[in-house]
Every structure is written in structure tokens, then in C-alpha cells.
A.B. asks: 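One structure follows; several queries about it will come next.
FYI, side chains are in, hydrogens and waters are out, and symmetry mates aren't considered; it's all heavy atoms of this structure.
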Amino acid sequence: MACEKQVWGLILTCFLIIWWVCEAKVSVSSTNDNEEKVNLSLYYESLCPFCANFIVNQLVKVFKTDLISIVNLRLVPWGNTQISPNNTWICQHGVDECRLDVAEACAIKLWPNVETHFKFIYCIERLHLMNRHTEWQSCFGATGLNPKPLRNCYTNGLGYQIEKGYAGETARLNPPHRFVPWVLVNNLPLQEDYQNFIAYICRAYRGHKIPQACKSGLPEINSSEIGTSTPQVCNVGEVKT
């Protein structure tokens with residue numbers, strides 16, 4: 001009997017060791033995958049038509065392909081908004097833009113899963129392209145999200161605090177942003193070449209799980225051309241009516 005107990009004890013110990021090793025390998029693999037992901041950041045404002053066009057027709061490709069598997073996507077809705085000496089916000093496209101920037105900032109905070117908050121922001125920006133941004137609250141129904149947490153975030157001041165953080169972050173960009181959409185890949189500002197962001201992501205990726213989106217049909221990158229073309233953008237300091 002004592003011998004049987006020792007045998008079973010040895011078997012259990014071996015099983016636990018094997019389980020621990022397997023769990024450790026999975027943990028290390030997951031950590032490595034996260035570390036190898038490419039950071040993609042978009043600094044934008046909600047009612048810039050070129051930001052909306054980029055989000056709806058270009059950035060969405062991160063989700064429509066397998067690119068999201070290698071990307072950490074971050075959205076920062078502040079853009080070219082200015083803060084006056086009396087702390088009033090001056091949004092480039094008017095008061096509605098200030099309100100929607102706060103709403104989108106709340107969405108990012110409340111639904112940190114990037115696919116969830118992107119779906120909501122995509123809905124708003126798509127409405128803007130159709131000149132229907134005032135219908136933005138219909139995006140709750142379209143995405144199946146509960147409107148109450150976001151309305152609370154908007155009215156209790158949390159949204160404005162988030163936006164103040166985004167304002168400071170945007171002001172600290174180096175080099176300073178000159179327009180929106182302002183796209184960074186691993187902290188490299190793509191400037192006028194922002195629509196070529198997929199090629200930059202694929203070139204920056206150092207992992208082994210190459211997504212299909214990176215395997216064919218990518219345009220060449222010429223870093224010397226960054227800053228020389230004239231894309232459609234909303235420039236800093238440009239007055240909109």
C-alpha cells in the first residue's frame with residue numbers, strides 16, 4: 001500500500017510539473033506575441049472629413065483582414081482643438097465636434113476592447129461622411145451598446161478629463177503634428193504618407209506569424225518622400241466654417 005501511494009504521488013508530481021511547464025510556455029508565447037505587435041496610433045478629430053474617410057475606408061482594413069493579430073491600435077480624439085486662455089475649447093469644426101470628441105473618448109474608456117469601441121467610432125464617422133453626424137446616438141442601437149454608461153461619462157465630467165489627457169498627449173507629440181489624421185507606427189509619424197500605413201506596419205513587424213495582409217500587394221515605402229506630398233488633411237490652425 002505504501003509503495004502504491006509513492007507511485008501515485010510520483011505520477012501526480014510528474015503531471016503537475018508537465019502542466020506547469022506547458023502553462024509557462026503558453027504564457028511566454030503570449031507575452032512574446034504582445035511584445036512583437038506593432039503600435040498603431042491615430043490622432044484625429046471627429047468632424048474632420050479626411051479623418052472620417054480614413055477611419056471608414058482605410059483604417060477599418062485592420063479589422064477586415066487579419067492585420068489586427070499583429071497590431072495594437074490606439075485612437076486619440078483631440079486633433080487640432082485649441083484651448084483658449086479662459087480654458088474654453090475651440091474645436092476646428094465647431095461645438096458638435098467638441099461633443100463628439102468627448103463621446104468617442106468615453107467610448108474608448110468604457111469599452112477598452114479595441115474592436116468594440118472602434119465599431120462605435122466607425123459608426124459615428126460613417127454618419128459624418130453622409131452629413132448625418134447629428135444622428136450619432138443611433139450608433140448605440142447599431143452596435144448593440146448600452147447608451148447609459150456613455151451618457152454618464154459625458155455628463156459627470158469624466159469625458160472631459162479624458163479629453164484633457166488627450167490634449168496634453170497631443171501637445172507633446174515630437175515632432176508636433178501639423179494636421180490630422182496624424183498616424184504613427186511604432187512612434188514613427190507617417191505624416192503625408194499616412195494612407196500607406198499597412199506597408200509600414202508590415203515592415204515594422206518582427207514576429208513570425210506573418211498575417212496574410214502583409215504577404216502580397218503592398219506598395220513600396222520610400223522614407224525620403226515623407227513630408228513631400230499633399231494629402232487631404234485638416235491642418236493645424238486652419239479655420240473651418
A.B. asks: How far apart are the closest heavy atoms of Thr81 and Glu45, and which atoms are they?
C.D. replies: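 Result for this residue pair: N-OE1, 4.1 Å.
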A.B. asks: Identify, with sequence neighbours excluded, every residue that meets side-chain hydrogen bond (donor to acceptor under 3.5 Å, both in side chains) alongside Thr88.
C.D. replies: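 Asn86.
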A.B. asks: With sequence neighbours left out, which residue pairs that include part of residues 38-71 fulfil the disulfide (SG to SG under 2.5 Å) condition?
C.D. replies: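 Every pair satisfying disulfide (SG to SG under 2.5 Å) with a residue in residues 38-71: Cys48-Cys234.
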A.B. asks: Once the angle between the rings of Tyr194 and Phe179 is folded into 0 to 90°, is it parallel (under 30°), tilted (30 to 60°) or perpendicular (over 60°)?
C.D. replies: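 Geometry flag for Phe179 against Tyr194: tilted rings.
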A.B. asks: Partners of Arg132 by salt bridge (Lys or Arg N to Asp or Glu O under 4.0 Å), sequence neighbours excluded?
C.D. replies: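 Testing Arg132 for salt bridge (Lys or Arg N to Asp or Glu O under 4.0 Å), a comparison that skips the adjacent residues, returns Glu135.
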A.B. asks: Taking only residues at least two apart or on different chains, which pairs with a member in residues 105-114 satisfy side chain to side chain donor-acceptor pair (under 3.5 Å)?
C.D. replies: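 Matches after skipping sequence neighbours: Asn113-Thr116.
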A.B. asks: Using side chain to side chain contact (heavy atoms under 4.5 Å, CB included) as the criterion, list what pairs up with Phe63, not counting sequence neighbours.
C.D. replies: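 Here the qualifying residues are Ile68, Leu73, Val114, Glu115, Phe118.
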A.B. asks: Under the rule for ring-ring contact (aromatic ring centres under 6.0 Å, His included), what residues qualify as partners of Tyr43, not counting sequence neighbours?
C.D. replies: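 With sequence neighbours excluded, Tyr43 shows a ring-ring contact (aromatic ring centres under 6.0 Å, His included) to no residue whatsoever.
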A.B. asks: Test of understanding: with salt bridge (Lys or Arg N to Asp or Glu O under 4.0 Å), list the residues that count as partners of Arg206, not counting sequence neighbours.
C.D. replies: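 Per chain and number, Arg206 pairs via salt bridge (Lys or Arg N to Asp or Glu O under 4.0 Å) with no residue.
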A.B. asks: With sequence neighbours excluded, tell me which residues meet salt bridge (Lys or Arg N to Asp or Glu O under 4.0 Å) with Arg99.
C.D. replies: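 Partners of Arg99 by the salt bridge (Lys or Arg N to Asp or Glu O under 4.0 Å) criterion, ordered by chain and then number, come out as Asp96.
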A.B. asks: Please list, chain by chain and in numerical order, all residues satisfying side chain to side chain contact (heavy atoms under 4.5 Å, CB included) with Asn187, sequence neighbours excluded.
C.D. replies: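 Once residues adjacent in sequence are excluded, the partners of Asn187 under the side chain to side chain contact (heavy atoms under 4.5 Å, CB included) criterion are Leu184.
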A.B. asks: Angle class for the Phe120/Trp136 ring planes (parallel below 30°, perpendicular above 60°, tilted otherwise)?
C.D. replies: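 The arrangement is perpendicular - the two ring planes meet at more than 60°.
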A.B. asks: Under the rule for side chain to side chain contact (heavy atoms under 4.5 Å, CB included), what residues qualify as partners of Cys153, not counting sequence neighbours?
C.D. replies: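 With neighbours one apart ignored, the set is Cys106, Leu110, Leu158, Ile162.
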A.B. asks: Is the shortest heavy-atom distance from the side chain of Arg74 to the side chain of Val76 under 4.5 Å?
C.D. replies: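 In short, these two side chains touch, coming nearer than 4.5 Å.
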A.B. asks: Apart from Val95 itself, what residues make up its hydrophobic cluster when side-chain heavy atoms of I, L, V, M, F, W and Y under 4.5 Å apart count as a link, directly or indirectly?
C.D. replies: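 Reading the cluster by chain and number, Val95 sits alone, since nothing else belongs.
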A.B. asks: Side chains of residues 121-130: which donor-acceptor partners sit under 3.5 Å, not counting sequence neighbours?
C.D. replies:
| residue | atom | partner | partner atom | Å |
| --- | --- | --- | --- | --- |
| His128 | NE2 | Leu47 | O | 3.0 |

